[in-house]
Amino acid sequence: MAKVTKDMLIGQLIQLEPNAAAILMRAGMHCIGCPSSQMESIEEAAMVHGFDADVLVQQINDFLGE
């Protein structure tokens with residue numbers, strides 16, 4: 001899988017790697033299946049939830065690299 005970036009849509013990430021949902025859930029993003037996640041970037045979602053998008057993207061990429 002290609003490296004995840006903060007401009008990637010959450011819905012796109014989940015389609016490509018469903019297991020990444022666990023990281024988003026731990027970050028408090030429990031509505032990953034909601035309609036807005038299909039059009040919301042990781043950066044936008046992180047901002048709404050009060051998280052640093054760079055840290056979240058790094059966690060996702062670390063997870064995917066394992």
Side-chain angles (χ1 to χ4, degrees):
M1 177 177 191
K3 187 174 179 179
V4 173
T5 61
K6 57 187 174 181
D7 64 332
M8 179 179 271
L9 301 180
I10 292 176
Q12 182 183 24
L13 171 62
I14 299 304
Q15 277 187 338
L16 294 173
E17 181 51 66
N19 293 325
I23 294 169
L24 299 176
M25 296 285 282
R26 276 197 308 261
M29 297 179 191
H30 300 285
C31 59
I32 57 172
C34 72
S36 66
S37 73
Q38 300 302 311
M39 299 184 304
E40 188 171 53
S41 71
I42 294 171
E43 183 174 33
E44 291 166 333
M47 183 176 61
V48 167
H49 291 280
F51 293 103
D52 183 328
D54 293 319
V55 171
L56 186 58
V57 166
Q58 183 62 51
Q59 290 174 348
I60 294 168
N61 282 316
D62 288 349
F63 172 78
L64 297 176
E66 292 179 354

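Basis for what follows: all heavy atoms, side chains included, without hydrogens, waters or symmetry-related copies.
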Task: Heavy-atom side-chain proximity of Met29 to Leu56 below 4.5 angstrom - done: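 Yes. Closest side-chain heavy atoms under 4.5 Å.
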TODO: Return the set of residues passing side chain to side chain donor-acceptor pair (under 3.5 Å) with Glu44 (not counting sequence neighbours), or none when no residue passes.
DONE: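 Per chain and number, Glu44 pairs via side chain to side chain donor-acceptor pair (under 3.5 Å) with Ser41.
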Task: Spacing of CE belonging to Met8 relative to CD1 belonging to Ile60, to within rounding of 0.5 Å - done: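 Here the interatomic distance stands at 9.0 Å.
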Task: Contacts of Met25 that satisfy side chain to side chain contact (heavy atoms under 4.5 Å, CB included) - sequence neighbours left out - done: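 Applying side chain to side chain contact (heavy atoms under 4.5 Å, CB included) to Met25 gives His30, Ile32.
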Open item on the list: Once salt bridge (Lys or Arg N to Asp or Glu O under 4.0 Å) is applied, what residue pairs with a partner in residues 18-43 remain, sequence neighbours excluded?
Closed with: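 Qualifying pairs: Lys6-Glu43.
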- [ ] Please check if Val55 and Phe51 belong to a single hydrophobic cluster, counting links between Ile, Leu, Val, Met, Phe, Trp and Tyr side chain heavy atoms closer than 4.5 Å.
- [x]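 No, Val55 does not connect to Phe51 through the hydrophobic network.
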Open item on the list: Please evaluate residues Gln58 and Asp62 with respect to the criterion side chain to side chain donor-acceptor pair (under 3.5 Å), reporting the C-alpha separation (whole Å), side-chain torsions for both, the decisive distance (0.1 Å), and the verdict.
Closed with: CA-CA 6 Å; Gln58 183 62 51; Asp62 288 349; 2.6 Å; yes
Open item on the list: With rounding to the nearest 0.5 angstrom, report the CE to CD distance, Met39 to Gln12.
Closed with: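 One finds 14.0 Å between CE of Met39 and CD of Gln12.
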- [ ] Please report the closest heavy-atom contact between Ile10 and Ala45, naming both atoms and the distance.
- [x]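 Result for this residue pair: CD1-CB, 3.2 Å.
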Task: Heavy-atom side-chain contact between Leu13 and Leu24 under 4.5 Å - done: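 They are in contact (side-chain heavy atoms under 4.5 Å apart), so the answer is yes.
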Task: Those residues that, when tested against Asp52, pass side chain to side chain donor-acceptor pair (under 3.5 Å) (two or more places apart) - done: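 By the side chain to side chain donor-acceptor pair (under 3.5 Å) rule, Asp52 matches no residue at all.
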Task: Between CD on residue Gln59 and CG on residue Asp54, distance to nearest 0.5 Å - done: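 Spacing of CD (Gln59) from CG (Asp54) equals 11.5 Å.
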TODO: Keeping the roles fixed (side chain from Asn61, backbone from Val4), state whether a donor-acceptor pair exists under 3.5 Å.
DONE: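 Side chain of Asn61 to backbone of Val4, a donor-acceptor pair under 3.5 Å: yes, one is there.
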- [ ] Please report the shortest heavy-atom distance between Phe63 and Ile23, naming the atom on each side.
- [x]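 Minimum heavy-atom contact is CB-CD1, 3.2 Å.
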Task: Leu64 to Glu17 - nearest heavy-atom pair and separation - done: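 For Leu64 versus Glu17, the nearest heavy atoms are CD2-CG, 3.1 Å.
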